[in-house]
Amino acid sequence: MYFDLIIAGFGGQGVMFIGNLLAHAAMLEDRKVTYMPVYGVEMRGGTANCTIVVSDEDIGSPNITNPIVSIVMNKPSLVKFGPRVKEDGLLLVNSSLIKPDEVEVKGPEIMMVPSIELAAEAGNDRLANMIFLGVLLGKTEVVSLETLKQALIETSGSTNEELLAINTRAIERGAAFGRTGS
Amino acid sequence: MYFDLIIAGFGGQGVMFIGNLLAHAAMLEDRKVTYMPVYGVEMRGGTANCTIVVSDEDIGSPNITNPIVSIVMNKPSLVKFGPRVKEDGLLLVNSSLIKPDEVEVKGPEIMMVPSIELAAEAGNDRLANMIFLGVLLGKTEVVSLETLKQALIETSGSTNEELLAINTRAIERGAAFGRTGS
Amino acid sequence: MEKKRKKALVKGNEAVAMGAIEAGCRFYFGYPITPQNEIPEYMSAHLPEVGGTFIQAESEIASINMLLGACSTGARAMTSSSSPGISLKQEGLSYMAGSEIPGVVVNMSRSGPGLGGISPSQGDYFQATRGGGHGDYRVLVLAPDSVQECYDLTMLAFDMSDKYTNPVLVLGDAMLGQMKEPLEFKKYQPKKFEKKWALTGAKGRKAQFLKSLYLDDGELTVHNWNLFAKYKRMKEDIRYEALFLDEARLVVVAFGSMARVLKSSVKMAQDEGLKVGLIRPITLFPYPAEFIRETSLQVKNFLAMELNTGQMVEDVRLSVEPGTQVDFFGLPPGSLPAPDVFLKEIKKVYPE
Amino acid sequence: MEKKRKKALVKGNEAVAMGAIEAGCRFYFGYPITPQNEIPEYMSAHLPEVGGTFIQAESEIASINMLLGACSTGARAMTSSSSPGISLKQEGLSYMAGSEIPGVVVNMSRSGPGLGGISPSQGDYFQATRGGGHGDYRVLVLAPDSVQECYDLTMLAFDMSDKYTNPVLVLGDAMLGQMKEPLEFKKYQPKKFEKKWALTGAKGRKAQFLKSLYLDDGELTVHNWNLFAKYKRMKEDIRYEALFLDEARLVVVAFGSMARVLKSSVKMAQDEGLKVGLIRPITLFPYPAEFIRETSLQVKNFLAMELNTGQMVEDVRLSVEPGTQVDFFGLPPGSLPAPDVFLKEIKKVYPE
Amino acid sequence: MPVTAIEPKGKVTFREDRCKGCGLCVMACPRKLIIVSSRLNNEGYHVAELVDPDRCNGCALCAEMCPDVVIEVWR
Amino acid sequence: MPVTAIEPKGKVTFREDRCKGCGLCVMACPRKLIIVSSRLNNEGYHVAELVDPDRCNGCALCAEMCPDVVIEVWR
Amino acid sequence: MKQVFKRPDCLVDIPFHFCPGCHHGIIHRVVAEVLDEFNLREKAIIAASVGCSVFMYDYFDMDVIEAPHGRAAAVATGVKRARPDNFVFTYQGDGDLAAIGTAEIIHAANRSEKVTVFFVNNTIYGMTGGQMAPTTMIGQLSTTTPRGRDPQEAGHPIHMAELLATLAGTAYSARVAVNNVKNLMKAKKATKQAVRAQLDKKGLGFVEYLSTCPTNWKMTPEKANRRIAEELIPIFPLGVFKEEQAPAEAGVG
Amino acid sequence: MKQVFKRPDCLVDIPFHFCPGCHHGIIHRVVAEVLDEFNLREKAIIAASVGCSVFMYDYFDMDVIEAPHGRAAAVATGVKRARPDNFVFTYQGDGDLAAIGTAEIIHAANRSEKVTVFFVNNTIYGMTGGQMAPTTMIGQLSTTTPRGRDPQEAGHPIHMAELLATLAGTAYSARVAVNNVKNLMKAKKATKQAVRAQLDKKGLGFVEYLSTCPTNWKMTPEKANRRIAEELIPIFPLGVFKEEQAPAEAGVG
Ligand SMILES: Cc1ncc(C[n+]2csc(CCOP(=O)(O)OP(=O)(O)O)c2C)c(N)n1
Ligand SMILES: Cc1ncc(C[n+]2csc(CCOP(=O)(O)OP(=O)(O)O)c2C)c(N)n1
Ligand code: SF4
Ligand code: SF4
Ligand code: SF4
Ligand code: SF4
Ligand code: SF4
Ligand code: SF4
Ligand SMILES: [Mg+2]
Ligand SMILES: [Mg+2]
């Protein structure tokens, strides 16, 4: 099993949070995993991205030029990372901020995800990032939903039921969208 | 023509002063010359020594293990530099501070110079160093007395007749001692 | 949560801090600089829990000198910084080496020269291996290529430092400091080091001192030769990793983050049927020169790859047997190194 | 006293200061340290006479940063120090190189590591030639071996520095700084350097800046390659001195004070009928590698001699043709180098 | 409106693409004329907005407090 | 000598090999009992000397001022 | 209608990279306005520092030299001595000036360097992510004082404006805030005085601006702004701590 | 007869290397006497500095760590934090402490380090041959102020005792002289108080000793000694500038 992924967006969109969560989950499933964050100079704002590699074997490079999957949460990230996704890969685009005609990438499967709207549906429009994580789970089998929940508990260090519930709802909403496209 | 010399003594005995003077004089006679001072860490007190090399050809090392001539103005300097003088060289010992039986050096010609007493004779017992310079002139022909006087004027930057006169007297007294041994 | 105890997903920086505390480091002195801030941050949070002391110093210079002070008492202590800050520590490092005081210094290097940037870089190789400070001293240099090694080698650094009473440098970079991987905790196996030289007050023994000043004629010459002999002795602790050397027709030599990325490139090359091996020096000083020399008896083509314009390549050239071809590919910092780029370069010099 | 004007018996340190002022240096920033104090002392006395400014800074770090500031305006300026002080300047040097700001730095090095001593030493060779600071930069290094060269090469240093908009290091040591020789004054022949980059206020032109921060993706990589290309260009200014190379069976390579003393040793060897030549690199960076390589086509035995435990010898080894024997003799600092001692060592490796 | 009638009349403009929605202008306006709206700009920030332009007297206090020099004022 | 009779009697010793002839003890002695003599020690310094030992009251002011801890005092 | 507020000419028309609500933006503008007023754009050379203000060369339409972290005062000294007719100033954070740069600012002031120093005290290391600064308040949380700053372990908040006022070479030293328009007006006045100190060749001019760092204080911009009045000013009092009288031949402005 | 004055036990019985009449010797002895009095020989660890006092490891019968020039306060911090029960002190010259070591002493004081600092102000760099120090007097000749120190070019004599007294973490700060026995007695008292500040864990204890350098002042020892009273004290007033009240549980001594 080998999987890699780049997640990119504005600082503040929670890009690093879901990247870290996914990596943590992969670890819980006893896989090898690397998580590599890249920040801009600004503390907030600016762009941020992270690369996750999951594998059953020792991982060489934690940095990847052409990922299998990429999640782009804003326009600059689409421009930078969209074209780098593998031909047979998957590009998840934040259609809440990017219009379909702005996506000029050819090759990979492209899925437009109205993340903010879906997050609002799930109960909190700030959880757009969790929606994407859900979509990823719906489209691939990199980790299980259960492990992801466990990872959420462990990384947040809290067992706040409500928080957990709302995040889970967002992930599940995303997963459903990932599976069905709506 | 090639000549080298180590002068050593307490800081404050004017070792560097006469070394520098001699080097300056050699320059005035258009020779190649190097002058290398070595201080202890202390600003005053402690020991100091300098090496002078005079030659008609380009000078390689300004540092010399076995000098042709050495002037030792105190006991520690005798111990350190005495044995290093060339077999056919010349060792000038400050007999005002060192007793003859303390001199265990074999090989070079040894001359005991009662420098303080001679300096007193010449008018100022602080000019023991100039006495040694004189002795050197009496024993060798490394520079002429005239040039040395010129060097004295140039390095002191003063034309104080009296100062010049007393120094000259000390040098001449030394030269006489060098020539005659008394 | 037993599981959590044995394994955690942490940054290389955190792993360094964890390894240090596990190895008995109880004093940390540092000054913030990206990309290594998780080290002081972790230390400030966790040192007090084990009775240790964290000081955010007023500067890198103060930090290295606090380290010098703390380590002179025999305590285990550490400082960390990144490139510009490490430059400022060079005088202090020279003093520690000259006074034979142990201590661990971490350089999670960033890109230079000057303010440069915060991307991964190997531009500090010369500084690390040849003593950026004045005088003829060396520090033992350990270069991890994974989060686990950030932990393991930091623990080792303390032992090496005490063994040789000499500063030890852990040289990582922005990539190793910032990336996360699962880390397996290990119990530190304490080694015994007699520290008779430690300054603890002259109670029940003669007063003693630690210094680097040697003024008597010839004294410093002897001191320097003694240090030199010690640096030579360090060769017994040389470490390296070798991959795919059997049948290799080209050997890539790289360390740290670059080696890590190259593990993918070399694997890709193997998958394409190219016989490319990899030697990864783990101790950069002392350098695994002898192993490289032996390898060069079999393989005639070497390629040194670095995140700079050519530094370690000199050590490769100085190591190999005459007649060995040593090529160099450099990617100076400013962009992230990626395996496919390097594979291309490997192919360019792969012997026909 | 016309004579006095043309020639004077001065210390190497004074010659450096005189050369600097003659070359148009008008700003000096420094901090006292033995054995180079005659430089600041001379500057404090004589810079005001030519309308220049002398500042005794609060530290070596302040000095190098004042230099950075003054030189960023296009002025000719200098700082000087000795080993520990030069270590402290490494961050600043890295910034100057990274920002492409000229400036002359003098290291009259002393013995290390640490506080060490004040005797002559060549322990800072690595630091000088491989950038003791962080990142992948170099400074052009000039190594005089006489008082005259202290003067001449300091003048040259200003030109080189302006030519390459890069710091230039003059590397001497306690011996060169303290010894006196007759110095022949020369009129500086001014070269024209267009300094469009100089910061003088944005009057009548666009605002501009000097910096080493490059954050855009790949930008710093390009910057580093540009610097690298510049360092390569410096090869056109390589200097060295060669003695007795015809018929030589052994070539001694040494620089600075060591080379100076060896001139006697080699002469003694010649007098004894031994065919011993001497190569003295004057630019230590860039190194006269090509000349040494060419020489090694004729002579198969080299001996690198240094006042340390082995630094420049690496450059000799990296320069020679495969199959050349390169021996090393080191005398770490702490005692004065003397020609007869070295002659003995030369004889030991002289090929039968 | 007799009170406002004697007051000088002001005009403010917001350079919305520069606004970061920090709300310091909101705090600064003595007449509470500014709010942070729900509208996002290209950088993803909610932008400030003048709710009652007619009441603005051009005192420029909002502009003085804006860290991003978003606001210009006429009077 | 009725005046000195009631005074405590002092004794001072000089460790001559350590003396540097600086004269600070000379300045310090309220009774002006010390001089820098013309005698040289091994280091080439003129050494300090007590001229009138009987008048010394052991006040130790000389010793307090000696930078080279040459003087010891009894009383 | 007349334009009564516009972007200062000294500021290049590009957006700041500062976080929302960060006072660095206000202080940049205040400085720019004063430079406009004195017509110094073409005469100024900035010694920029390392901290959140590192990109001054992008924002100020002036010549800029980038100083290593903490060394701006030394760099400015070099610039000013070489170009005494230019107007030279630094802009430094509290980490930069009051920690690593302590020696440099103290000795520049002591030497009476004719430079102007703008010092932004936000009680934190902004750029590097919220570590303790020398000015961090007692009890304040930071990423390196996770239990709050303990003065016995980590030191007391250092008062640079007062400290520099004790040095003979300091011509002007003041502490100001920009948390409301009233304070901001005083800040502009102090800024002018610090500029004059240089123009009149009186000595070093110094202004300490209390500033927010909403991001690392982990506060909304609004709350951060309020913290200035509620917590900072009581400990860091505003005021002029030193003001050399103008010499007889009086100065510009 | 009873011996009323003898060499302190803390001092090894070897000659000092100082020049004739140099006050370093007196100050060494004063410090040694006080350490004897508090019985600290076996507890002390000295952070020696670089300057004419660099050979303390030869003279003091105690553990000594040699600090790089200017960094003794940082080195002492490291030592004291690692060995809080030891008595840790530095002994630094004016070049060492007030120039290159400015940041280190200020922040050690500000952190309230429990260390004692003996500061020898001889208005000159002794060891390196008489260059200007930060404490050099206005007009004073030195090898780097051949025309006398000009405050506009080279700065004003800096007043460390007063400066450090302004910092919260300084428990004791005083300036003393040893030019006559009266002052010397006060110097001993101040030395004791600075030792107590550490023993009582109150904070940093600091004593500035005005000192001579006959060699570099180019004066006889006698004249140098007189210069202290005539020229130095008027500019560097003697006195206690800060003295924290002892905490309730009072201290040793
Ligand atoms: C020598 C060196 N040490 C450390 C750093 C890292 N660094 C960059 S900015 C900074 C401090 C920023 O804090 P401050 O000066 O208060 O400015 P702010 O960002 O708060 O405005 C530090 C420590 C550096 N660039 N160089
Ligand atoms: C980094 C560094 N810079 C400079 C020196 C040279 N140096 C040695 S002692 C000294 C200053 C001595 O003056 P001071 O501290 O006043 O002590 P004093 O000799 O007057 O007692 C200097 C500059 C050094 N050893 N290290
Ligand atoms: S100009 Fe004054 S009244 Fe108008 S919006 Fe701004 S603050 Fe409010
Ligand atoms: S102060 Fe400026 S940036 Fe903040 S909300 Fe108002 S207009 Fe926008
Ligand atoms: S003890 Fe007092 S009286 Fe006796 S010599 Fe010394 S100073 Fe004079
Ligand atoms: S004070 Fe001491 S050293 Fe000086 S003359 Fe008197 S006894 Fe000798
Ligand atoms: S990190 Fe703090 S100081 Fe820096 S820009 Fe953001 S809010 Fe301002
Ligand atoms: S140089 Fe000055 S300070 Fe140093 S020992 Fe001599 S007199 Fe004392
Ligand atoms: Mg700050
Ligand atoms: Mg001094």
Side-chain angles (χ1 to χ4, degrees), chain D residues 25-29 31 47 51-79 88-96 98-99 101 103 133-134 197-215, chain G residues 9-12 17 35 39-50 54-88 90 100-113 115 127:
Chain D
C25 171
R26 288 298 174 268
F27 302 92
Y28 174 91
F29 313 100
Y31 186 81
L47 265 182
T53 298
F54 164 87
I55 297 188
Q56 183 175 317
E58 61 272 25
S59 70
E60 289 86 353
I61 291 185
S63 313
I64 187 82
N65 284 294
M66 290 175 189
L67 184 75
L68 185 154
C71 293
S72 75
T73 72
R76 282 196 160 178
M78 181 168 93
T79 185
L88 291 167
K89 292 183 198 285
Q90 294 303 324
E91 188 208 23
L93 268 175
S94 174
Y95 268 79
M96 289 179 76
S99 313
I101 296 172
H134 59 288
W197 47 264
L199 305 183
T200 54
K203 185 166 184 150
R205 61 156 167 79
K206 279 181 126 176
Q208 56 197 28
F209 51 78
L210 292 169
K211 66 162 173 109
S212 60
L213 181 65
Y214 291 91
L215 287 169
Chain G
D9 293 338
C10 279
L11 284 184
V12 178
H17 72 287
L35 296 178
N39 228 328
L40 290 170
R41 198 193 66 78
E42 296 183 338
K43 276 180 76 179
I45 303 178
I46 307 179
S49 66
V50 185
V54 74
F55 301 112
M56 290 188 85
Y57 52 80
D58 281 336
Y59 304 142
F60 281 78
D61 190 17
M62 297 166 184
D63 281 8
V64 181
I65 169 79
E66 181 185 80
H69 185 46
R71 319 303 177 187
V75 170
T77 297
V79 173
K80 183 71 183 185
R81 296 293 186 118
R83 309 261 330 159
D85 294 335
N86 283 85
F87 178 80
V88 180
T90 77
I100 188 169
T102 307
E104 285 76 12
I105 187 63
I106 286 190
H107 287 279
N110 194 52
R111 273 192 315 269
S112 163
E113 293 296 340
V115 298
M127 177 175 239

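By convention in this document, chain letters (A, B, ...) are assigned in the order of the sequence lines, proteins followed by strands, and residues within each chain are numbered from 1. Just so it is clear, the model here is predicted, and its values are computed rather than measured.
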Chain D contacts, top residue of G:R41, G:K43, G:R81 (heavy-atom pairs, under 4.5 Å): G:R81
Top contributor to chain G interface from D:G204, D:G52, D:A207, D:S63 [non-hydrogen pairs under 4.5 Å]: D:A207
Ring geometry between G:Y57 and G:F55 (parallel below 30°, tilted from 30 to 60°, perpendicular above 60°): perpendicular
G:A47 portion near chain D, given a 4.5 angstrom heavy-atom threshold: neither
Under the side-chain contact (heavy atoms from CB on, under 4.5 Å) test, residues paired with G:S112 that sit two or more places apart: G:K114, H:Q152, H:H156
Side chain / backbone / both / neither for G:V88 at chain D, heavy atoms under 4.5 Å: neither
Pair G:E104 + G:R71, salt bridge at N-O below 4.0 Å: yes
Heavy-atom proximity to chain D below 4.5 Å, by part of G:I65: both
Contact class of D:Q208 relative to chain G, heavy atoms under 4.5 angstrom: both
Short side-chain donor-acceptor distance under 3.5 Å, D:Y95 and G:H69: no
D:T200 versus chain G, the contacting section by heavy-atom distance below 4.5 Å: both
SB check G:D58 D:K211 (cutoff 4.0 Å): no
Max heavy-atom pair count under 4.5 Å with chain G, selected residue of D:I101, D:I61, D:I64, D:L67: D:I61
Donor-acceptor contact present, side-chain G:E66 to main-chain G:V54, <3.5 Å: no
Residues which pass side-chain hydrogen bond (donor to acceptor under 3.5 Å, both in side chains) with G:T77, listed by chain and number, not counting sequence neighbours: G:R111
Residue part contacting chain G, namely of D:A75, when any heavy atom lies under 4.5 Å: side chain
Under 4.5 Å from a heavy atom of chain D, the part of G:D61 involved: both
